Amino acid sequence: MRSEDIRSVGHELVAEIRSKGRVDVSWVPELPVRAVLAEVLPLPRALSPADVLGVAACHWKVTNAYTDEWIRRVVTNGAAFASFIDRLGAASIVDITDQHVARFLRARTARTNKTPAPSTQARRRAAVAKLFRTAISLGLATRDPSHGVPIGTAGKPGYRNLVDDEVRLCHAFTVGTTRSLRSAAGWALGETGAPTEEIPRIHVHHATGNTEQLWSPGTNRIRPRLLYPTEWGRKMIRGRIRDLADRRLFGSTPLVWTDNLQSPQGGRVSASTLLSTVMRRAGITGTSIGPASLRKWAALEIYEQTDCDLQAVANRLGMSSLDKTADLIDLDWLVEDDEPPLGP
């Protein structure tokens, strides 16, 4: 078995996506990728995206760590990416930039000829990231060009999701003139996917020592569960807990509010105002912008982190309805959403 044989698998998958609009992964062989590559390790400059796809697909099959459905979804998007990049003229994986990935994420779908929904973009980005991370682990690449490429908005009626750059921009506007971390802690909780009525219910004693996790008691419509702050969020929450401790406020003290505890509706309004104020300070305004925009961003982040598992998103958000979870990320989950994009 030669490395060329493994790499050819990717070219056959790309041919399938071009001719049929889908791929069949049942024939992908379970080949000892690491053993073959250890004998002759191709230089990254000599590898095309299709080469890397073939190596990755065989590796995923032989490890038995993934379901056939997961492999089918990732390989479908991976083959679409390899085909798209080939048409852009990037012959080697080292030539692929974040601009190439951004164009792929936003390429119109073949079925609707429209800009893809954020959930479709998340699937595409997750597949590209998995492809390159696998290549890095096998010594075939040195960087992931999908890292940091933002997911666009839906362009539909109602509230839109924030994009990554907007979320990062809001970080700079969460600290008020008093240098209080109250708004920063509230925003950090919002980044976990907590809705406005849930944020006031999270207290100091709900945080673990290093704030890696927080326990949320939930609300009437949101199930109790663990929340997972971002790295920035953990720092802000730790700082907020220290600030409260300096004022001798511990345990059952809400992380964000210290008054009006008997009125959940009052807390919800306050949380909504806090998040809206941060976005307004950052210059992110409009009829499609509101507190729900941050929750939609969080839902899309979880969707990508969990390999596009809708049930996992619902669990992390405390939602009992998959239909409502799908609506949150603009996903038509009853329609096949892994079709190839139109060419560049």
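Since this is a predicted model, take the numbers as computed values, not measurements.
Side-chain contact check for Trp232 versus Trp187: some heavy-atom pair is nearer than 4.5 Å. Side-chain contact check for Pro195 versus Ile222: some heavy-atom pair is nearer than 4.5 Å. Within the 4.5 Å cutoff, no side-chain heavy atoms of Val204 are placed close to those of Leu249. For the pair Arg223 and Ser216, the minimum side-chain heavy-atom distance is 4.5 Å or more.
For Thr134, the side-chain hydrogen bond (donor to acceptor under 3.5 Å, both in side chains) partners are Trp60, not counting sequence neighbours. Taking the ring-ring contact (aromatic ring centres under 6.0 Å, His included) definition, one finds that His147 meets it with nothing, sequence neighbours left out.
Taking each heavy atom of Ala312 and Ile302 in turn, the nearest pair found is O-CG2, 4.5 Å. Shortest non-hydrogen contact noted between Gln121 and Leu105 is CG-O, 3.2 Å. In this structure, Ile93 and Ala141 approach most closely via the heavy-atom pair CD1-CB, 4.0 Å. Listed here is the closest heavy atom pair of Ala126 and Cys308: CB-SG, 4.3 Å.
Side chain of Asn77 to backbone of Arg73: a donor-acceptor contact under 3.5 angstrom is found. Checked by atom type and distance alone, the side chain of Arg234 never pairs as donor or acceptor with a backbone atom of Thr211 at under 3.5 Å. Looking only at distances, a side-chain donor or acceptor of Arg281 sits under 3.5 Å from a matching main-chain atom of Phe173. For the pair Arg182 (side chain) and Leu255 (backbone), a donor-acceptor distance under 3.5 Å is absent. Under the 3.5 Å distance criterion, the side-chain polar atoms of His203 are matched with a main-chain donor or acceptor of Ser252. Judged by distance alone, the side chain of Lys130 and the main-chain N or O of Arg125 form no donor-acceptor pair under 3.5 Å. Of the possible donor and acceptor atoms, none in the side chain of Arg108 sits under 3.5 Å from a partner among the backbone N and O of Pro116.
With salt bridges taken as basic N to acidic carboxylate O contacts below 4.0 Å, none links Glu304 and Arg124. A salt bridge does not link Arg72 to Asp24: none of the charged side-chain nitrogens sits closer than 4.0 Å to a carboxylate oxygen. Between Arg168 and Asp165 there is a salt bridge, since at least one side-chain N of the basic residue sits less than 4.0 Å from a carboxylate O of the acidic one. We find that Glu198 and Arg225 are joined by a salt bridge, their nearest charged nitrogen and carboxylate oxygen being less than 4.0 Å apart. Ion pairing between a basic and an acidic side chain is recognised when a charged N comes within 4.0 Å of a carboxylate O; Asp246 and Arg240 show no such pairing.
Relative ring orientation between Phe104 and Phe81 is described as perpendicular, the plane-to-plane angle rising above 60° on a 0-90° scale split at 30° and 60°.
With no hydrogens or angles considered, no side-chain donor-acceptor pair links Ser83 and Asp86 at under 3.5 Å. Of the N and O atoms on the side chains of Tyr228 and Arg316, not one donor lies less than 3.5 Å from an acceptor on the other residue. A donor and an acceptor atom, one from each side chain of Thr208 and Gln213, are nowhere located under 3.5 Å apart. Side-chain polar atoms of Ser321 and Asp323 form no donor-acceptor pair below 3.5 angstrom. In the model, Thr97 has a side-chain atom that pairs as donor or acceptor with a side-chain atom of Gln99 under 3.5 Å. There is no side-chain donor-acceptor pair under 3.5 Å between Trp70 and Asp309.
Linking Ile, Leu, Val, Met, Phe, Trp and Tyr residues whenever their side-chain heavy atoms come within less than 4.5 Å places Val52 and Ile71 in a single cluster. Phe132 and Leu88 fall within a single hydrophobic cluster, where Ile, Leu, Val, Met, Phe, Trp and Tyr side chains are chained together by heavy-atom contacts under 4.5 Å.
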Worked check of salt bridge (Lys or Arg N to Asp or Glu O under 4.0 Å) between Lys296 and Asp330: CA-CA 9 Å; Lys296 289 172 76 72; Asp330 301 300; 3.5 Å; yes
Check step by step if side chain to side chain contact (heavy atoms under 4.5 Å, CB included) holds for Ser146 and Asp98. CA-CA 6 Å; Ser146 72; Asp98 54 350; over 6 Å; no
Starting from the C-alpha separation in whole Å, work towards a yes-or-no answer on side chain to side chain contact (heavy atoms under 4.5 Å, CB included) for Met236 and His171. CA-CA 10 Å; Met236 297 303 106; His171 290 172; over 6 Å; no
Just do the side chain to side chain contact (heavy atoms under 4.5 Å, CB included) check on Ser92 and Asp95 with the steps written out, would you? CA-CA 5 Å; Ser92 168; Asp95 296 326; 3.5 Å; yes
Check step by step if side chain to side chain contact (heavy atoms under 4.5 Å, CB included) holds for Leu214 and Ile202. CA-CA 8 Å; Leu214 296 97; Ile202 302 171; 4.0 Å; yes
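Here Phe250 is tied to no hydrophobic group at all, with no ILVMFWY side chain closer than 4.5 Å.
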